[in-house]
Every structure is written in C-alpha cells, then in structure tokens.
Enquirer: 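Let me begin by handing over the structure; questions about it come next.
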Amino acid sequence: MRAYLQSRLVKAGLVLLFVGVGPLLFIVVAAAIGLWPDPNPNPIGPGLLFFFTFWPAVICIIIGIVRVHIHNRQRAA
C-alpha cells in the first residue's frame, strides 16, 4: 500500500478526486442534515467540477497502480 501512495500519479489522482468530489459532497450532506438553505439544491458549478475531474482522477489512479505493480514485479524477478 505504501508503494502505491508514493506514486505521483496516484497522489495526483487522489488530490484531483477529493478536489472534484469535495464541494458537491459537502453541499449534498449539508442539505441532507439541514445546514444548507435550500433542502433540494441544484449545485451546477460543483456538479460540473465533479463531472470534469472524476474520470481523469480515476484514470490517473489506475495508471499509477498499474505502473507500481509492473515496477514491483520487475524488481522481484
């Protein structure tokens, strides 16, 4: 697990994922518990941020995991 978290691609993917998902998740949770002024929010901006950052983040994480896995297999052989 430590080797995967040291990969720059995995780190970049995780940061991108949290930056993209964070605002939308905050608004959804805040509306659910009653802290948001509108009980049925329509967060267009955070939704678009999520839309444009989710798949690049997932792709970065997957590529980083595959690269670390291949590197570890080559070192072990």
Enquirer: Of the non-hydrogen atoms in Leu14 and Ile61, which two are nearest, and what is the gap between them?
Expert: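 That would be CD2-CD1, 3.8 Å.
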
Enquirer: Find the distance between CG (Leu16) and CG (Leu9) and round it off to the nearest 0.5 Å.
Expert: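 Result: 11.5 Å between the selected atoms.
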
Enquirer: So, for Lys11 and Leu5, which heavy atoms are closest and what is the spacing to 0.1 Å?
Expert: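 Taking Lys11 first and Leu5 second, the nearest heavy atoms are CE-O, 3.0 Å.
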
Enquirer: Given the rule that I, L, V, M, F, W and Y join up when any side-chain heavy atoms are under 4.5 Å apart, are Val21 and Val58 in one cluster?
Expert: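 Val21 and Val58: one cluster.
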
Enquirer: Return the minimal non-hydrogen interatomic distance between Ala3 and Asn72, and the atom names on each side.
Expert: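 Nearest pair, atom of Ala3 first, then Asn72: CB-ND2, 4.2 Å.
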
Enquirer: Atom OG1 of Thr53 and atom CG of Leu48: how far apart are they, to the nearest 0.5 Å?
Expert: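 CG of Leu48 is found 10.5 Å from OG1 of Thr53.
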
Enquirer: How many angstroms lie between CD in Gln74 and NE2 in His69, if you round to the nearest 0.5 Å?
Expert: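 If we round to the nearest 0.5 Å, Gln74:CD and His69:NE2 are 10.5 Å apart.
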
Enquirer: Could you pull out the closest heavy-atom pair between Gly64 and Ser7, with the gap in Å?
Expert: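 Heavy atoms only, the tightest pair is CA-OG, 4.0 Å.
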
Enquirer: Mind checking whether Ile27 and Phe52 sit in one hydrophobic cluster, side chains of I, L, V, M, F, W, Y counted as touching below 4.5 Å?
Expert: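 As far as the 4.5 Å side-chain criterion goes, Phe52 and Ile27 are not connected within one cluster.
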
Enquirer: Would Ile44 end up clustered with Trp36 when hydrophobic side chains under 4.5 Å apart are linked, directly or stepwise?
Expert: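 Different clusters: Ile44 never reaches Trp36 through Ile, Leu, Val, Met, Phe, Trp or Tyr contacts under 4.5 Å.
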
Enquirer: Check side chain to side chain contact (heavy atoms under 4.5 Å, CB included) between Phe51 and all other residues, then give those that pass, not counting sequence neighbours.
Expert: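 So Phe51 forms no side chain to side chain contact (heavy atoms under 4.5 Å, CB included) with any residue.
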
Enquirer: Heavy atoms only: give me the nearest Pro39-Ala31 pair and the separation to one decimal.
Expert: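 Minimum heavy-atom contact is O-CB, 4.1 Å.
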
Enquirer: If two hydrophobic side chains count as joined below 4.5 Å and joins carry through other members, does Phe50 share a cluster with Phe26?
Expert: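 Not linked; separate clusters.
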
Enquirer: Hydrophobic clustering (ILVMFWY, side-chain heavy atoms < 4.5 Å, transitive) - are Trp55 and Val15 grouped together?
Expert: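 Shared cluster, no.
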
